[in-house]
Q: 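Dumping the structure here so I can ask a few things about it.
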Amino acid sequence: MKLLVIVALCLVAIAAAYPSDIVDFELDNQEQEQEGQAGKAVDGEYSWVAPDGTEYYVKYVADHLGYRVVESNAVPSSNGAGYEGEEDDD
């Protein structure tokens, strides 16, 4: 009997520690999925279809270091390559 209780408690602990779906929905032109432990650390992705038919997506991580985009075709590159900013004519 003790062994059965110990095994059951171990299974509950494993299930509680395993990342779970926090958000998971899909609509006609957008979807979002997020897994992890709410308030601790999550990773997820969301996507949408623009009016011109282009599909955009963002994959991210949010944890004690903040929100970070891991991969995306919607966020401009942060390395500055190809950036043509406006010049100040003062």
Q: Indicate the atoms forming the closest heavy-atom contact of Y56 with N73, along with that distance.
A: CA-OD1, 3.2 Å

Q: Which residues, ordered by chain and number, are linked to V49 in its hydrophobic cluster, where ILVMFWY side chains connect at heavy-atom gaps below 4.5 Å, directly or through other members?
A: none

Q: Keeping to residues at least two apart or across chains, list the salt bridge (charged side-chain N to carboxylate O under 4.0 Å, His left out) pairs with something in residues 60-70.
A: D63-R68

Q: From the options Q34, E33, E35, select the one residue that forms a side-chain contact (heavy atoms from CB on, under 4.5 Å) with D43.
A: E35

Q: If you measure from CD on E45 to OH on Y60, what distance do you get to the nearest 0.5 Å?
A: 8.5 Å

Q: List the residues meeting side-chain contact (heavy atoms from CB on, under 4.5 Å) with D52, not counting sequence neighbours, and say none if there are none.
A: A50, T54

Q: Would you call W48 and L27 a side-chain contact if the rule is heavy atoms closer than 4.5 Å?
A: no

Q: List the residues meeting side-chain contact (heavy atoms from CB on, under 4.5 Å) with E71, not counting sequence neighbours, and say none if there are none.
A: Y57, K59

